[in-house]
There are 2 protein chains.
Amino acid sequence: MNMLFKALNDPTRRQMLDLLRAGDLTAGEIADQFAMTKPSISHHLDLLRQAGLVDSVKEGQFIRYTLNTTVLDEMLSWLMSFKGSAVHNSSPPVDPPQP
Amino acid sequence: MNMLFKALNDPTRRQMLDLLRAGDLTAGEIADQFAMTKPSISHHLDLLRQAGLVDSVKEGQFIRYTLNTTVLDEMLSWLMSFKGSAVHNSSPPVDPPQP
DNA sequence: TAGATAATTAGACAAATGTCTAAATAACAG
DNA sequence: CTGTTATTTAGACATTTGTCTAATTATCTA
């Protein structure tokens with residue numbers, strides 16, 4: 001899960017994923033949305049690809065990036081397990097009612 | 001969400017959260033589980049606290065750390081929205097059956 | 001009060017990260 | 001073929017991050 005958390009630990013990359021929700025985009029179309037050079041964009045896309053969050057397909061001169069959310073499953077279940085397995089160590093907030 | 005992703009982007013800190021699922025622990029008890037100096041542990045716990053993932057309460061000489069999963073909600077819903085809003089741009093994998 | 005224990009703060013340092021410019025690769029259009 | 005467009009690769013550089021040692025603060029106890 002390390003690569004996954006690393007990939008998501010950047011606002012630019014998270015925004016890229018948000019953009020891709022509406023549909024596939026080429027590297028250039030993605031770059032147009034950010035105030036950043038194309039090599040930087042390329043590097044971010046590479047990290048997302050390494051994490052498995054996007055797939056890339058060359059189409060002629062362009063490279064089309066597609067969102068791939070399957071890798072999120074592991075992270076999602078890890079996070080959700082926290083919402084279920086909470087342990088209550090603190091004292092109860094009130095005394096139980098006396099009969 | 002930046003602090004939250006940052007806090008989770010470290011195996012040691014994620015392991016700390018896993019430890020706290022079984023119940024509250026003091027800083028020293030947490031430190032015992034890692035091959036790392038106490039100042040380093042203290043720093044990690046500070047980041048978790050800044051992210052809101054743990055609460056700390058001083059009890060005499062000790063400091064007791066408690067898991068707090070409420071901040072996970074925002075992240076969880078962001079992640080889950082990906083599993084719902086996927087768009088299918090690619091061609092269908094097979095041709096539809098011919099009658 | 002003196003000494004021991006729990007934990008943090010302060011500061012140093014190497015490694016990782018995000019960004020840039022310059023150059024390389026690959027595909028298209030004339 | 002030549003030039004233009006899309007994208008990546010390579011390398012440099014400043015910032016952030018994780019770790020350590022040394023010192024500090026706070027609490028307990030004899």
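Lettering of chains follows the sequences in order, A, B, ..., and the numbering in each one begins at 1.
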B:Leu72 backbone acceptor or donor facing B:Thr69 side chain under 3.5 Å: no
Below 4.0 Å: OP1/OP2 of C:dC20 and any side-chain N or O of A:Thr37: yes
Residues from residues 43-56 of chain B lying under 4.0 Å of DNA chain D - heavy atoms: B:His43, B:His44, B:Leu47
Whole angstrom value for the distance that separates P of C:dA6 from NZ of B:Lys38: 6 Å
The helix from C:dT1-D:dA30 to C:dG30-D:dC1: angle between end helix axes, five pairs per end, rounded to 10 degrees: 10°
Residue closer to the 5' end of DNA chain D, B:Phe62 versus A:Gly28 (nearest nucleotide): A:Gly28
Side-chain touch B:Met16/B:Tyr65, heavy atoms, less than 4.5 angstrom: no
Atom-pair distance (CZ on B:Phe5; P on C:dT17), nearest Å: 17 Å
Separation of atom CD in A:Glu29 from atom C1' in D:dT5, rounded to whole Å: 14 Å
Side-chain N,O (B:Ser40) to OP1/OP2 (D:dC20) below 4.0 Å: yes
Among C:dT8, C:dT19, D:dT19, the one nearest B:Thr12 by side-chain distance: D:dT19
Of the listed nucleotides D:dT5, C:dT8, D:dC20, the one nearest the side chain of B:Ile63: C:dT8
Selection from C:dT19, C:dT9, D:dA10 that lies nearest to any side-chain heavy atom of A:Pro39: D:dA10
B:Ser42 side chain near C:dT8 phosphate (N/O to OP1/OP2, under 4.0 Å): yes
Nucleotide D:dT19, atom P - distance to CE of B:Met36 in whole Å: 4 Å
B:Lys6 vs D:dT17: side-chain N/O to OP1/OP2 distance below 4.0 Å: yes
Full working for side chain to side chain contact (heavy atoms under 4.5 Å, CB included) between B:Met36 and B:His43: CA-CA 11 Å; B:Met36 195 180 291; B:His43 175 239; over 6 Å; no
Residue B:Arg13, side-chain atoms from C-beta onward, closest of D:dG18, C:dT8, C:dT5: D:dG18
A:Tyr65 vs D:dT8: side-chain N/O to OP1/OP2 distance below 4.0 Å: yes
Check: A:Leu8 main-chain N/O paired with A:Arg13 side-chain donor or acceptor under 3.5 Å: no
Interatomic distance where CG belongs to A:Asp32 and C1' belongs to D:dT7 [whole Å]: 13 Å
Atom-to-atom span, CD of A:Gln61 to P of D:dA6 - whole angstrom: 6 Å
Between D:dT8 (C1') and A:Lys58 (NZ): distance, integer Å: 9 Å
Residue mapping more 5' on DNA chain C - nearest nucleotide basis, B:Ile41 or A:Asp10: B:Ile41
Below 4.0 Å: OP1/OP2 of D:dT7 and any side-chain N or O of A:Thr26: yes
Atom-pair distance (CD on B:Glu59; P on C:dA7), nearest Å: 11 Å
B:Leu25 CG to B:Leu67 CG distance, which is reported to the nearest 0.5 Å: 10.0 Å
Evaluation steps, side chain to side chain contact (heavy atoms under 4.5 Å, CB included), between B:Phe34 and B:Gln15: CA-CA 9 Å; B:Phe34 297 91; B:Gln15 203 177 329; 3.6 Å; yes
Smallest separation among heavy atoms of A:Ala27 and A:Ile41, with atom names: O-CG2, 4.3 Å
Please table the atom pairs, donor to acceptor, closer than 3.5 Å between any side-chain atom in residues 45-54 of chain A and protein atoms at least two apart or in another chain.
{"residue": "A:Asp46", "atom": "OD1", "partner": "A:Arg49", "partner atom": "NH2", "Å": "2.4"}

From B:Lys58 atom NZ to B:Thr26 atom OG1, the distance as rounded to the nearest 0.5 Å: 13.0 Å
Euclidean distance, B:Asp55 CG relative to B:Asn68 CG, rounded to 0.5 Å: 4.5 Å
Test side chain to side chain contact (heavy atoms under 4.5 Å, CB included) applied to B:Asp18 and B:Arg21, step by step: CA-CA 5 Å; B:Asp18 277 327; B:Arg21 296 164 72 151; 3.1 Å; yes
Sugar-phosphate, base or nothing in reach of B:Phe34, heavy atoms under 4.0 Å: nothing
